[in-house]
Amino acid sequence: MKVAILTGGGDCPGLNAVIRAVVRRGEQHGFDFIGIREGWRGLLENNHFRLTREAISGILHLGGTILGTSRTNPFKKEGGPQRVMQTLQENDIDAVVAIGGEDTLGVAKKLYDMGVKVVGCPKTIDNDLSGTDYTFGFDTAVSIATEAVDRLHTTAEAHNRVIVCEVMGRHAGHIALHSGMAGGADVILIPERPIVIDQVCQHVRTRLARGKRFSIVVVAEGAQLEKGKDQVQSQDLDEFGHVRLGGIGNYLAKEIEKRTGVETRATVLGHIQRGGSPTARDRVLGTRYGVFAADLVRDGRWGQMAALHGDAIVAISLEEATRALHLVDPKLYEVAEVFFG
Ligand code: F6P
């Protein structure tokens, strides 16, 4: 069987661990592998290479993806799905392993509905895919953001400043909540709860009254201002219709300084959260997902995705994986709130 592997959407630590695992396990099943370059774009443009054992050697610990990636949506291109089918046929590709988040897997689901033999692997630092407890890449992003919060603490304390740290996560607050809790942030703001700036300032003032002249605020890039206020973000849309988020950290810093009189700065972590080596946890999780995905192909379980339930890797349908966003559990946020102010 000839199996194509592709990685789509934002890059994510652990992608190479998954690619390596799919190939190593697949070789045991007698598969040949094709690496598709730059996500779905590679299938539109017939751009790929033979994914040999040699090609996947020494990549377990590396960030990024040896296949390259893009946010290409073939369903937004003229004749896109047909071109994808043609590439598969011309190259005698029997099955596709799609490694990605809701967008990439949404395309995989549509192609599966059109008869393509596809299985999925859940990737995203945002951890916002439903049907799986954790996606790989999340643990690394949280570790990086936590280290940043630790470092911001020391400089905030030295200067008696408020520092607002803006983290990624799109419309889910998992990265903000976990890094904020782990780093001991004084306020954590997530998209699931509208921001009330007066409350944020009140926490800063409460700390001042206790003699704490610095505060750390962690804000998710997708956090929304309280009702009636304009959202601070660009209007640019990608091929999947997502706006480019960012800007809330700087906006908040100005407001906090204006309202409390405490010098306030913003730090935007941005793509630093996606770069570099995956944590041990993400390498192991990615490896487990990859081995499982190769077994799904062996068993002909098309339209399925590897998922983590508790500590078990199980199969769920791509439909379930892309049905809704996995958002922050309000009970976990309540635990974090105990430490605000
Ligand atoms: O989905 C992963 C993610 O890193 C989001 O957290 C973020 O909003 C987005 O991708 C950034 O995308 P880009 O790399 O296209 O700027």
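Whatever order the structure lists ligands and atoms in, that order sets their numbers, starting from 1. Quick note: residue numbers are just sequence positions, from 1.
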Nearest neighbour in protein (non-hydrogen) for [atom]:
atom: atom 16 (O) of ligand 1; answer: His271 NE2, 3.0 Å
atom: atom 7 (C) of ligand 1; answer: Glu221 OE2, 3.3 Å
atom: atom 1 (O) of ligand 1; answer: Asp126 OD2, 2.7 Å
atom: atom 3 (C) of ligand 1; answer: Arg274 NH1, 3.4 Å

*Which of parallel (below 30°), tilted (30 to 60°) and perpendicular (above 60°) describes Tyr333 and Phe340?*
perpendicular

_Exactly one of Leu252, Ile256, Ile216 should register a side chain to side chain contact (heavy atoms under 4.5 Å, CB included) with Val162. Which one does?_
Ile256

*So, does Gly169 sit close enough to ligand 1 that a heavy atom of it is under 4.0 Å from the ligand?*
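Right, Gly169 reaches ligand 1.
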
*Given Arg244, Met168, Arg71, which one has a non-hydrogen atom that is nearest to atom 15 (O) of ligand 1?*
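Result: the heavy atom closest to atom 15 (O) of ligand 1 is in Arg71.
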
*Report yes or no: is the cationic atom of Arg71 (NZ for Lys, CZ for Arg) under 6.0 Å from the centre of the six-membered ring of Phe240, at an angle within 45° of the ring normal?*
no

*State whether a side-chain donor-acceptor pair under 3.5 Å links Arg207 with Ser215.*
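Note: Arg207 and Ser215 side chains meet the donor-acceptor criterion.
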
_Polar side chain donor-acceptor pair, Asn127 to Asp133, under 3.5 angstrom_ = no

*Within a reach of under 6.0 Å around CZ of Arg213, are more than 12 heavy atoms found that belong to other residues, nucleotides or ligands?*
no

*For Ile125, counting its heavy atoms only, list the atoms of ligand 1 lying under 4.0 Å from any of them.*
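Matching atoms, with element in brackets: 4 (O).
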
*Report the part of Asp238 in contact with ligand 1, treating N, CA, C, O as backbone and CB onward as side chain, heavy atoms under 4.0 Å; options are side chain, backbone, both, neither.*
neither

